[in-house]
Amino acid sequence: MSMNEQMRQSEESILHTYNRFPVVLDHGDGCWLYDTEGKKYLDFAAGIAVNALGYHYPGYNEALKEQIGKLMHISNLYYNEPMSQAGKKLVKASGMSKAFFTNSGTEAIEGALKAARKYAFSKGENERNEIIAMNHSFHGRSMGALSVTGNAHYREPFEPLIGGVKFADFNDLESVKSLITDKTCAVITETIQGEGGIYPAEQGFLEGLRELCTEKDILLIFDEIQCGMGRTGDYFAWQSYGVKPDIMTCAKALGSGVPVGAFVLGEKAAAASLAPGDHGTTYGGNPFVCAAVSKVFDIFEEDHILEHVRELTPYLEEKLDGLVEKYDVIAVRRGKGFMQGLVVSGTPVGSIVSKALENGLLVISAGSDVLRLVPPLVITKEHIDQMIEILEKSLV
Ligand SMILES: *Cc1c(COP(=O)(O)O)cnc(C)c1O
């Protein structure tokens with residue numbers, strides 16, 4: 001069947017909530033993807049920052065196949081070894097206390113918000129239920145996650161959302177301060193804003209938030225769903241800043257391809273928030289996805305994935321800065337590690353993304369004018385050179 005016919009058939013039955021790129025992807029190999037007609041694409045999108053290990057990374061598929069041969073799902077009513085292994089490794093990597101596995105990033109946000117409200121409730125402060133979130137943030141599409149997403153266009157059609165949410169400006173500590181009241185129970189922010197346009201937090205902003213929250217016993221939630229799991233060269237972006245949250249959410253690269261997320265609580269939040277009966281999930285953290293999480297952590301350690309990101313980041317940044325210098329349409333580079341954005345000016349970012357696709361490179365956009373690069377963490381210098389070459393072809 002031709003790609004066009006496959007696309008037509010898909011639109012017949014799948015609800016049109018995405019304007020998809022006109023390509024039907026068939027299989028992957030390393031950092032390359034192949035469509036059903038055999039054309040290949042260098043992948044600098046990684047399934048939106050999910051496929052940290054690219055495709056068919058040695059040992060990953062095998063670990064999943066082995067788990068399928070044993071057990072995929074048992075519900076959360078019983079213990080399973082992959083979950084305890086995955087939990088142990090996640091808690092160790094983050095230096096936090098307790099993890100709850102979810103099926104997605106959005107559900108991790110839901111859990112984090114519930115944990116924050118329950119923390120205040122546990123202290124007898126039932127009235128303390130307000131949450132401060134950031135403008136231009138993105139935390140997901142469910143009613144709760146949408147409530148803290150700082151994009152009115154996403155929220156408006158679905159109001160009323162959960163109450164008690166106020167929006168401050170990212171990287172503006174005074175604006176957060178001005179919204180804090182006796183009723184504030186949590187502050188939630190991405191450590192590096194992703195969908196909003198690749199805006200890294202400033203050091204002073206995170207430090208200031210930490211100080212404010214500690215002083216007033218407000219829980220600080222960092223959404224690490226996109227920027228976490230090695231993308232900045234540390235397991236979690238907040239570790240690069242040395243500012244630790246009370247609750248962290250992760251997903252995307254956590255399972256590097258299987259649907260899994262988690263919210264992770266520090267000691268304080270773990271000791272006095274969600275208790276038996278407060279929260280649950282049928283699938284969340286089943287043996288299949290947890291075998292993936294566990295294997296991902298093993299691969300990160302054994303194959304020094306974080307070191308690789310740190311080593312290659314200056315090269316990637318130098319090459320991207322070269323584009324900023326050379327082309328008027330590329331105004332600025334922003335980002336950290338393998339989470340980079342190029343601000344496009346004078347031409348729609350979508351047209352560059354489309355040309356790149358035609359030329360065999362997958363990149364995506366972020367915000368209204370940012371070209372986003374979130375490649376697999378296992379790319380090499382050669383992949384970076386190839387990316388630059390194809391991108392240059394797509395700029396003129
Ligand atoms: C993708 C994303 C989410 C939502 O995750 P899903 O797995 O799509 O539910 C939440 N927060 C951030 C920062 C994200 O990038």
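None of the values given here were measured: they were computed from a predicted structure. If you read the sequence from its start, that first residue is 1, and numbering goes on from there. Order of listing sets the numbers, starting from 1, for every ligand and every atom in it.
- Annotation for Tyr18: hydrophobic cluster partners, listed by chain and number, are none (ILVMFWY side-chain heavy atoms under 4.5 Å, direct or chained).
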Under the salt bridge (Lys or Arg N to Asp or Glu O under 4.0 Å) criterion, do Glu5 and Arg8 qualify, and how do the steps go?
CA-CA 5 Å; Glu5 178 55 17; Arg8 196 193 60 75; 2.9 Å; yes
Tell me, with the steps shown, if Tyr235 and Phe297 meet ring pair (Phe, Tyr, Trp, His ring centres under 6.0 Å).
CA-CA 10 Å; Tyr235 268 114; Phe297 277 113; 5.4 Å; yes
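- Using the six-membered ring where Trp is involved, Phe100 and His279 have ring planes that are tilted, between 30° and 60° apart.
- Shown here are the ring pair (Phe, Tyr, Trp, His ring centres under 6.0 Å) partners of His73, two or more places apart in sequence or in another chain: Tyr283.
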Check ligand 1 for close polar pairs with the protein: N or O on both sides, less than 3.5 Å.
| from | atom 1 | to | atom 2 | distance (Å) |
| --- | --- | --- | --- | --- |
| ligand 1 | 7 (O) | Gly105 | N | 2.8 |
| ligand 1 | 9 (O) | Gly105 | N | 3.4 |
| ligand 1 | 9 (O) | Thr106 | N | 2.8 |
| ligand 1 | 9 (O) | Thr106 | OG1 | 2.5 |
| ligand 1 | 11 (N) | Phe138 | O | 3.3 |
| ligand 1 | 11 (N) | Asp223 | OD2 | 2.7 |
| ligand 1 | 15 (O) | Gln226 | NE2 | 2.8 |
| ligand 1 | 15 (O) | Lys252 | NZ | 2.6 |

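- Evaluation of the salt bridge (Lys or Arg N to Asp or Glu O under 4.0 Å) test over residues 351-377, restricted to residues two or more places apart or in two chains, returns Glu195-Arg372.
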